[in-house]
A.B. asks: 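Got a structure for you, written out below as structure tokens; questions coming shortly.
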Amino acid sequence: MDQRYDLYCARDPFFYERPESNVTLFPVLEEPATPAGWNRFVTSGWVHYSAPGVTIPRQGWKIHVSATMENAERVAAKVLGYCVERKIPVKVVPGPEPWRSRNAKYAERAGSGKLATVYPRDEQQLETILNELGDDLEGEPGPYILSDLKWHGGPLYVRYGAFQARRAWDESGREVQMIEDPHGNLVSDPRGPVFSTPEWVRLPDFLRPHLDRRNATRLDNFPYEIVTALHYSNGGGVYEAKDRQTGRRVVVKEGRSHAGVDRAGRDAVTRLRTERAALERMAGLPCVPKLIDYTAIGEHEFLIEEFVEGESLYKACGRRNPLIMGGDPSPDDFAAYGRWAMAIWQRVSDAVHSMHDQGMVFGDLHLFNILVGDDDQVRLIDFEGCSPAEERQGQVIANPGFAAPHGTTGTDIDEFALSCLKLAIFAPLTSLQLIDPGKPAHLARLVVERFAVPRDWLPQAGDGAGMLVGESGPELIRSSAATLLSTATPEREDRLFPGDVAQFLVSGAELGLAHGAAGVLWSLHQAGAGSFPEGERWILKRLRQERADLQPGFYSGEQGIAYALWDLGHRDEAMEIAVSSARNFDPEPLDSSLFMGVSGIGLNWLRLAGLTGDEGLMQRAIQAGEIVAGRLGPVESVPTISGQGHGFAGLMLGGSGPALLLTALYEVTGDMGCLDAAETALRQDLRRCTAASDGGLHVNEGGRTMPYLAEGSVGIGLALQRFLQHRDVPDLREPLSSIKHAATSSFCLFPGLFQGHAGLILFNALTGSSETARRQVRGLEWHATQWEGKVAFPGNQLLRLSMDLATGTAGVLLALAAIEGKGDPPVGLPFLCESFLPGNGQEDQEGLPTKERR
């Protein structure tokens, strides 16, 4: 689970919302307290202060101040008072709730512990502040800031990095901060969990002893050698290790003081000590790992326990469940899985009740805290949520899909989790109960019907809601479109439609095609659901206000907005964006991708050139093709796996986006070199694919394989299909066939277009497998929820509803329209079906190059 999403669930029970809005401020940060003449402004998660006439450098050595929940208000007041008196720029976390979120268990580790940031003008002032403010705050506790160097024994830390925002986008589409090297080049300003400096930066002499002290606190004398990391959170890591003396495999769990705070206010060390006490009390239970050791190094504590063989129940279910497999599993396959799942559940239930017999409540039961061995025996792990049964404590830590209702205490917490587990072992969707309280009964009905599970094993199935999706595609289209329009909020400035958290993380995403208003309005138009003039006016107004802050890309920025505006009838505005971007085109900071890079930009220019005859856009499109072709390299130059740090495969971020541009350029120009380069790009993406257990071809991400549209194999298949219309290459037809098999699954974890079920439906609709697509529409029943009497779909992570194109209801709507649509070109994602020749497919196409066979 991407733990960032939890932070955006606090304000609204149905939609992701920015958590920092309308927070209670620390008293010292209230507006009336702002010094006369000072500039005070608020950004996401910070209140900034700067004195009149003081210039903040672009980068340098900065000071971070740490604190706990208990002393944060006091420390913030001391820091702000010190900086105001000396006219030093500073920013401070606004108040208690944002501070708790920043230090929660699954908060981002890079920002953990940073209550305030102080910006010295030079190294001399840096030393002065460290000495003076360090004395003022000596003895104040706070989490260790992993990316920084600690100053003495107080809460001050230092690192070299950016002061002013200078952003770019990494290979996965996230904004990253940049700094300038001595030659004036912008390079990434990494904020990892280890202190480091850019190679050209000299460490000041007064910091050298502190670096030496940090380096002296090492694990060299730790009696356990770390082999690999199993899991990270803000509270610390979990590692596979081996005993240096015996070679025995063990698990090492790390706790960071004052970090990873849960909703009961406990930090990671407190929870680790709780787990130690629980393991001691349950010693001898066969379902519980043996406690081996407990020790502390520096400010971190470590629990060492027996290494338990097996795989998580989540993975074991995914490997066996016929609902996920490609092809057309038989009723016997589903019934066999049902028998296995019920048997596993009973073993888990027996294990949990054996804990109750020992007087302990598990408190955090879910699919990842259960390990299944080769013999199908189960073991329980991760007991930091444990409590003595006699204390009748409430739940303090929980997976969202297993969180007990407010007020539940003691063993009732585990009983509720066991009831959730009965559904989750068939479809891990129990978090949908947060959005739709009737969903568990609905899921129970689906499980009983599909897996031949006895109704008395899931008695709530008798109360299950009726079908939400049904058999009628047009009816579902109408209901989904009505949902989209009913969630529009044109009175808001920050977004028009609720969507993914990317709306709050990436500049301009609330306007764009993937996650913003343009994508929703365009999907409604494609589905024939009519126009929404008020929403179009909202986009045009925001476009005038925010144009300078938009990314240049297609799904991530202004080119996708231009694409949608053209189709919505705002053609002058669309052309103004395209022509001005062509005039000022700088490919250097852009990657080659369809999502945010040169390929998506070039394809939009090519399309508009065909529609308008604009020769300037045509030449820019050709230039874009030359750029992405020149960057490709040989097929073997890319790794065999995809993901962060390796580069990505797939339609949105991988080689298939450039292949789509190059294929389209061949269609327009007849240049065989474009087709050659497109083949190279596709082969690079296929190099990163692997066969799944059911024979389908998936993108290989190392620890998992992906069939999805954005970063998985079906996106590659769509670009490959278009290429094969012009060059018949036998050894490329075979992977397309395997991709088609991968796209036959009846269930995905998420329902959305880019990373879920709707993307498979769209693929099948566009590749002629309409029967499979219609069968998969019925699979949307698993995710469909009731919202104000209409059907709606959850976004990524399933914690809230989404309306956007990439993750939510608009993407489902587009996939449904692709099945039902009869238009020419067919309904589908941009560029996949449409012609790029003059007239855009509406005129004679005698100039289309002939198909080449090899």
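Small disclaimer: the values here were computed from a predicted structure and weren't measured. The figures here come from the full heavy-atom set of this structure, side chains too, leaving out hydrogens, waters and symmetry mates.
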A.B. asks: Please tell me if the side chains of Y666 and D676 come closer than 4.5 Å, counting only heavy atoms from C-beta onward.
C.D. replies: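 They are not in side-chain contact.
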
A.B. asks: Closer than 3.5 angstrom, by distance alone: can the side chain of H442 be matched with the main-chain N or O of D436 as a donor-acceptor pair?
C.D. replies: no

A.B. asks: If you round to the nearest 0.5 Å, how far is CZ of F497 from CE of M803?
C.D. replies: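 Spacing of CE (M803) from CZ (F497) equals 9.5 Å.
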
A.B. asks: So, Q684 side chain and L632 main chain: donor-acceptor pair closer than 3.5 Å or not?
C.D. replies: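 Here the side-chain-to-backbone pair exists.
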
A.B. asks: Can you see which heavy atom on A815 is nearest to which on A758, and at what distance?
C.D. replies: CB-O, 3.5 Å

A.B. asks: Is there a donor-acceptor pair under 3.5 Å between the side chain of S523 and the backbone N or O of G519?
C.D. replies: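 Looks like yes, one N/O pair under 3.5 Å.
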
A.B. asks: For F723 and V729, what are the C-alpha separation, side-chain angles and deciding distance, and is it a side-chain contact (heavy atoms from CB on, under 4.5 Å)?
C.D. replies: CA-CA 10 Å; F723 170 84; V729 186; 4.1 Å; yes

A.B. asks: If you look at every heavy atom in G795 and S802, which pair is closest and at what distance?
C.D. replies: CA-CB, 3.5 Å

A.B. asks: Have R775 and S746 got a donor and an acceptor in their side chains that come within less than 3.5 Å?
C.D. replies: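 Per modelled atom types, R775 and S746 side chains form a pair under 3.5 Å.
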
A.B. asks: Do D567 and H525 pass the side-chain hydrogen bond (donor to acceptor under 3.5 Å, both in side chains) test, and can you show the C-alpha distance, the side-chain angles, and the key distance before you say yes or no?
C.D. replies: CA-CA 8 Å; D567 284 0; H525 173 79; 5.3 Å; no

A.B. asks: Which atom names give the shortest non-hydrogen contact between I601 and G553, and what distance separates them?
C.D. replies: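 Taking every non-hydrogen atom into account, CG1-CA, 4.1 Å.
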
A.B. asks: CG of L432 to CZ of F793: how many Å apart, nearest 0.5 Å?
C.D. replies: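 Rounded to the nearest 0.5 Å, the CG-CZ separation comes to 11.0 Å.
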
A.B. asks: Is there a side-chain contact between S531 and E536 (heavy atoms, below 4.5 Å)?
C.D. replies: yes

A.B. asks: Flag the pair I477 / L813 as yes when at least one side-chain heavy-atom distance between them is below 4.5 Å, and no otherwise.
C.D. replies: yes

A.B. asks: Establish, yes or no, whether a centroid distance under 6.0 Å links the rings of F451 and Y337.
C.D. replies: yes

A.B. asks: Begin with the C-alpha distance, continue with both residues' side-chain angles, and end with the deciding distance and a verdict on side-chain contact (heavy atoms from CB on, under 4.5 Å) for T807 and L753.
C.D. replies: CA-CA 6 Å; T807 72; L753 189 65; over 6 Å; no

A.B. asks: Answer yes or no: is there a side-chain heavy-atom contact under 4.5 Å between P751 and T809?
C.D. replies: no

A.B. asks: Do R631 and S592 have side-chain N/O donor and acceptor atoms under 3.5 Å apart?
C.D. replies: yes

A.B. asks: Before giving the answer on side-chain contact (heavy atoms from CB on, under 4.5 Å), spell out for M706 and H698 the whole-Å C-alpha distance, their side-chain angles and the decisive distance to 0.1 Å.
C.D. replies: CA-CA 5 Å; M706 302 290 281; H698 291 202; 5.6 Å; no

A.B. asks: Check the orientation of F831 and Y563. Use parallel for under 30°, tilted for 30 to 60°, and perpendicular for over 60°.
C.D. replies: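 Geometry flag for Y563 against F831: perpendicular rings.
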
A.B. asks: Considering the options F504, Y5, W787, which one meets the ring-ring contact (aromatic ring centres under 6.0 Å, His included) requirement together with F15?
C.D. replies: W787

A.B. asks: Would you confirm whether K439, through its side chain, and W782, through its main-chain N or O, come within 3.5 Å as a donor-acceptor pair?
C.D. replies: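 Side chain of K439 to backbone of W782: a pair is present.
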
A.B. asks: For R722 and T663, indicate whether the former's side chain and the latter's backbone hold a donor-acceptor pair under 3.5 Å.
C.D. replies: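 Answer holds: no.
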
A.B. asks: Working to the nearest 0.5 Å, report the span between CD1 of I716 and CG of L709.
C.D. replies: 10.5 Å

A.B. asks: For H783 and F747, take the angle between the two ring planes, folded into 0 to 90°, and tell me which bin it lands in: parallel under 30, tilted 30 to 60, perpendicular over 60.
C.D. replies: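 Parallel: the ring planes of H783 and F747 meet at under 30°.
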
A.B. asks: State yes or no: are the ring centers of Y555 and F754 separated by less than 6.0 Å?
C.D. replies: yes

A.B. asks: Ignoring hydrogens and geometry beyond distance, is a side-chain donor-acceptor pair present between S656 and D685 at under 3.5 Å?
C.D. replies: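 Checked: S656/D685 side chains pair up, N/O donor to acceptor below 3.5 Å.
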
A.B. asks: Within 45° of the ring axis of W605 and under 6.0 Å from its six-membered ring centre, is that where the NZ or CZ of R607 lies?
C.D. replies: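 Here R607 fails the 6.0 Å and 45° test against W605.
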
A.B. asks: Tell me if a side-chain donor or acceptor on Q776 pairs with a main-chain N or O of S745 at a distance below 3.5 Å.
C.D. replies: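 Such a contact is found between Q776 side chain and S745 backbone.
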
A.B. asks: Provide the closest heavy-atom pair for R704 versus E701 in the form atom of the first, atom of the second, distance.
C.D. replies: NE-OE1, 2.7 Å

A.B. asks: When you look at H515 and E510, which way does the side-chain hydrogen bond (donor to acceptor under 3.5 Å, both in side chains) test go after all the steps?
C.D. replies: CA-CA 6 Å; H515 300 296; E510 74 281 1; over 6 Å; no

A.B. asks: Just wondering, more than 12 heavy atoms not from R319 lying within 6.0 Å of its CZ?
C.D. replies: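 Enclosed: over 12 neighbouring heavy atoms sit under 6.0 Å from CZ of R319.
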
A.B. asks: Checking Q551 against S556: is there a side-chain donor and acceptor pair closer than 3.5 Å?
C.D. replies: yes

A.B. asks: Taking all atoms of both residues into account, what is the closest heavy-atom pair of G712 and V699, and its distance?
C.D. replies: C-CG2, 3.4 Å

A.B. asks: Centre of F334's six-membered ring, under 6.0 Å away, within 45 degrees of the axis: is that where NZ or CZ of R450 sits?
C.D. replies: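 Yes, R450 sits over the ring of F334.
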
A.B. asks: Going from CG on L565 to CE on M575, what distance comes out if it is rounded to the nearest 0.5 angstrom?
C.D. replies: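 That separation rounds to 13.0 Å.
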
A.B. asks: Got a donor-acceptor contact below 3.5 angstrom from the S581 side chain to the A578 backbone?
C.D. replies: yes

A.B. asks: I need the T772 OG1 to L760 CG distance, nearest 0.5 Å.
C.D. replies: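 The CG atom of L760 is 10.5 Å from OG1 of T772, to the nearest 0.5 Å.
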
A.B. asks: Would you mind reporting whether W538 and L511 have side-chain heavy atoms less than 4.5 Å apart?
C.D. replies: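 They are in side-chain contact.
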
A.B. asks: Less than 4.5 Å apart, side chain to side chain, heavy atoms only: is that true for V520 and L496?
C.D. replies: no

A.B. asks: Could you walk me through whether I324 and D694 pass the side-chain contact (heavy atoms from CB on, under 4.5 Å) test, one step at a time?
C.D. replies: CA-CA 10 Å; I324 300 171; D694 64 357; over 6 Å; no

A.B. asks: If we only count heavy atoms from C-beta on, is the L686 to V635 side-chain gap below 4.5 Å?
C.D. replies: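 The answer is no; the side chains never approach within 4.5 Å.
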
A.B. asks: Look only at the side chain of K740 and the backbone of S738, and say whether a donor-acceptor pair between them is shorter than 3.5 Å.
C.D. replies: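 Not at all, since once roles are kept as given, no pair shorter than 3.5 Å links the two residues.
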
A.B. asks: Flag the pair D731 and R683 as a salt bridge only when some basic side-chain nitrogen lies within less than 4.0 angstrom of an acidic carboxylate oxygen.
C.D. replies: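 Salt bridge: yes.
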
A.B. asks: Is there a donor-acceptor pair under 3.5 Å between the side chain of T744 and the backbone N or O of H741?
C.D. replies: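 At least one qualifying donor-acceptor pair exists.
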
A.B. asks: With a 4.5 Å heavy-atom cut-off, do L766 and L829 have their side chains touching?
C.D. replies: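 Of all side-chain heavy-atom pairs linking L829 with L766, none is under 4.5 Å.
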
A.B. asks: Test salt bridge (Lys or Arg N to Asp or Glu O under 4.0 Å) on E711 and R688 and set out the steps.
C.D. replies: CA-CA 11 Å; E711 299 166 28; R688 300 174 189 259; over 6 Å; no

A.B. asks: Find the distance between CD1 (I627) and CG (L661) and round it off to the nearest 0.5 Å.
C.D. replies: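 Answer rounded to 0.5 Å: 10.0 Å.
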
A.B. asks: Ring centres of H757 and F750 under 6.0 Å apart?
C.D. replies: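 No, too far apart.
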
A.B. asks: Is a donor on one side and an acceptor on the other found under 3.5 Å between the side chain of S713 and the backbone of L697?
C.D. replies: yes

A.B. asks: Closest approach of S593 and M652, non-hydrogen atoms and distance?
C.D. replies: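 Here S593 and M652 meet closest at CB-O, 3.3 Å.
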
